[in-house]
Amino acid sequence: MRIYDTLSRKIVDFVPRKEGAISIYACGPTVYDHPHLGHARQAMTYDIARRFFEWAGYDVLHVANITDIDDNIINRATREGLTEPEVAEKWEAIYMDAMAALDILAPHQQPHATEYVQEMIDFIQVLVDNGAAYVTDAGVYLRVRSIEDYGALIHRTHDELAEGAGARVEVDPNKEDPLDFALWKAAKPGEPTWPSPWGDGRPGWHIECAAMSLGILGDGFDLHGGGTDLVFPHHTNERAEAIAAGRTFSRYWMHNAMLNIDGEKMSKSLNNFATIQDVLDEHPLNARALRLMLLQTHYRKILEINAEVIAHARSGIERLDAMIRKAEAAKVDYASAELDSDAVAEFRTQMEDDFGTPEAMAIAFELVRRANGAIDSGDDSAASLVATAIDLTGALGLRIGETQPTSDDDVRIDELVAARTEAKANKDFAEADRIRDELAGQGITIEDTPTGPIWRR
RNA sequence: GCGUCGGUGCCCGAGCGGCCCAAGGGAACGGCCUGCAAAGCCGUAAAGUCGCGGGUUCAAAUCCCGCCCGGCGCUCCA
């Protein structure tokens, strides 16, 4: 396995800390608003990595935090007259629903920041004790310049970073140096607080992930991920905290790229902001279409997204599903078929090269084309090809060939389809087309196959 | 401004020194199939400037230099 490591800026061999087991920490959401497509890309990137590793036989431990206390949550609670936990619980539930709808596996552990405050305090205490951090009236800060390669993740020196620091935000006068950042924020009126050796207050943002990742996964865990926008300051600061505490932090860093809508960055101010729910509501196929799109673009490339592109991806999903319908109509016994070892090997090779999901999907679509041909010609290889296509797309979290949901309507539709078949047999094509149009008006599509008609919603 | 990543067909996007007269998906067109469709299969399209201009090399979409354009980071952010 080879992965592009943000720290070394190279594609490097990925060697897990423990053979056969992989530990992943991916930064999760701050729950205070609707999750948007960017969250979907982030979560799906690590969902795909985790699924592939599991498919490849690794024992994976995937951890993603839930930030349930921060400025945004406090602001929203104040604005809406709610408590911070009420805001966090509400938006966490919405986030979880969106993830489930996108068929993203829940990380094995999803710790909440507020449940980890004591561990964070213990962590900060180590930093205060060893002189890496200092206490002021406003809180506890980390002495950034005490860390030699602080800017390593973004490949910048202290001085280069200092040029930017304070250029746009006012420098906190309590800090010894503009680069320093808060580990612990002293209590302000009206804010939720926790007791600490440095007075009541709440933890800074970065300490949360440092404490939880090391606490759950242990020193030198394998992979730390997130969006590229987190490289600085978030990941840089987490890493600084770990180093200052004498801990070995994650051994590989991966970062997924952002996405653009209609050629521009997605943002609230540009009003081109798409929530996950908006996209899911638009079409029942969109959850899988979104995954297909993400798979067909490498995770480190900016992804262009708009309504048209999602619609195109839906066509791709339909092509995948159509193969399964054909296979079932032709009674191809793919459930117990052996996989095509060449395709599996090629798939694995591509995925092991920094998650080559676009190439992996190309392999899957090749299988689909060959399978369709084999089904049409009654070739024995059909079962294996179909089975392989299902297995490989499944390894990426893309379900195809799911039986469509049944409803009370099914019997009535079956009868209409049968009536059409009879009309066709009697050469009464006017009646056959009338039935087909009637069903089409209800969103039902009939497909004729050599082995009889099948229908779908 | 500084840093960084990128600009490939009608669209989305792989490829990153020879296997590329450029994967895969979508759209289009033609053929087969069909009662007609849909789905499927087969095939086609000057991708002739792989952003533009230089250069290196026997060989460049792939490396180097300059320029133009865009994303992201420098500020809460996936």
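FYI, side chains are in, hydrogens and waters are out, and symmetry mates aren't considered; it's all heavy atoms of this structure. Owing to the predicted nature of the structure, the values given are computational and were not obtained by experimental measurement. Proteins get letters first, then strands, A, B, ... in listed order; numbering begins at 1 in each.
Of the P atoms belonging to B:A23 and B:A46, the separation is 16 Å, rounded to the nearest Å. Between B:U8 and B:C21, the distance separating the two C1' atoms is 15 Å to the nearest Å. Of the P atoms belonging to B:G24 and B:A45, the separation is 15 Å, rounded to the nearest Å. B:A59 and B:C16 have their C1' atoms separated by 15 Å, given to the nearest Å.
Using a 4.0 Å cut-off between charged side-chain N and carboxylate O, A:Asp448 and A:Lys424 make a salt bridge. A:Asp70 has no carboxylate O lying under 4.0 Å from a charged side-chain N of A:Lys185, or vice versa, which leaves the two without a salt bridge. Ion pairing of A:Arg420 with A:Asp433 is absent here, as no side-chain N (NZ or NE/NH1/NH2) approaches a carboxylate O to less than 4.0 Å. Salt-bridge annotation for A:Asp409 and A:Arg412: present, with a side-chain N of the basic residue lying under 4.0 Å from a carboxylate O of the acidic one. Salt bridge present: A:Lys326 and A:Asp376 bring a charged side-chain N and a carboxylate O closer than 4.0 Å. Ionic pairing of A:Arg325 and A:Asp321 is not present here: no N-O contact between side-chain nitrogen and carboxylate oxygen is shorter than 4.0 angstrom.
For a distance-only test at 3.5 Å, the side chain of A:Arg436 qualifies as a donor-acceptor partner of the base of B:C36.
For the OP1/OP2 pair of B:G24 and a distance below 4.0 Å, the side-chain nitrogens and oxygens of A:Arg370 include no atom meeting the criterion.
When A:Asn237, A:Thr157, A:Thr236 are each tested for a side chain to side chain donor-acceptor pair (under 3.5 Å) with A:Tyr150, only one passes: A:Asn237.
Which of B:G73, B:G35, B:A39 sits closest to the side chain of A:Asp433 comes down to B:G35. When distances run from any side-chain atom of A:Asp229 to the nucleotides B:A38, B:C72, B:G26, the shortest one goes to B:C72. Closest to the A:Asn72 side chain, of the nucleotides B:C76, B:G24, B:C42, is B:C76. Distances from the side chain of A:Thr445 to the nucleotides B:A38, B:G24, B:G35 place B:A38 closest. Considering only side-chain atoms of A:Phe429, the nucleotide from B:G35, B:C41, B:A23 that sits closest is B:G35. Considering only side-chain atoms of A:Phe232, the nucleotide from B:C36, B:G73, B:A78 that sits closest is B:G73. Ranking B:G40, B:A78, B:A37 by closeness to the A:Asn372 side chain, first place goes to B:G40.
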Close N/O contacts between protein and nucleotides 12-14 of chain B (under 3.5 Å):
residue, atom, partner, partner atom, Å
B:G13, OP1, A:Glu304, N, 2.7
B:G13, O3', A:Gln296, O, 3.4
B:G13, O2', A:Gln296, O, 3.0
B:A14, OP1, A:His298, N, 2.5
B:A14, OP2, A:Lys301, NZ, 3.3
B:A14, O3', A:Glu359, OE2, 2.7
B:A14, O2', A:Glu359, OE2, 2.9

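The distance between atom CG of A:Leu179 and atom P of B:C74, rounded to the nearest whole Å, is 14 Å. Per the geometry, CD1 belonging to A:Ile317 stands 18 Å off P belonging to B:G24, to the nearest Å.
In this structure, A:Ile154 and A:Asn256 both approach RNA chain B, and ranking their closest nucleotides by distance from the 5' end singles out A:Ile154. In this structure, A:Lys424 and A:Gly373 both approach RNA chain B, and ranking their closest nucleotides by distance from the 5' end singles out A:Lys424.
A:Phe365 does not qualify as a stacking partner of the B:G24 base, lacking a centre-to-centre distance under 5.5 Å together with planes within 30°.
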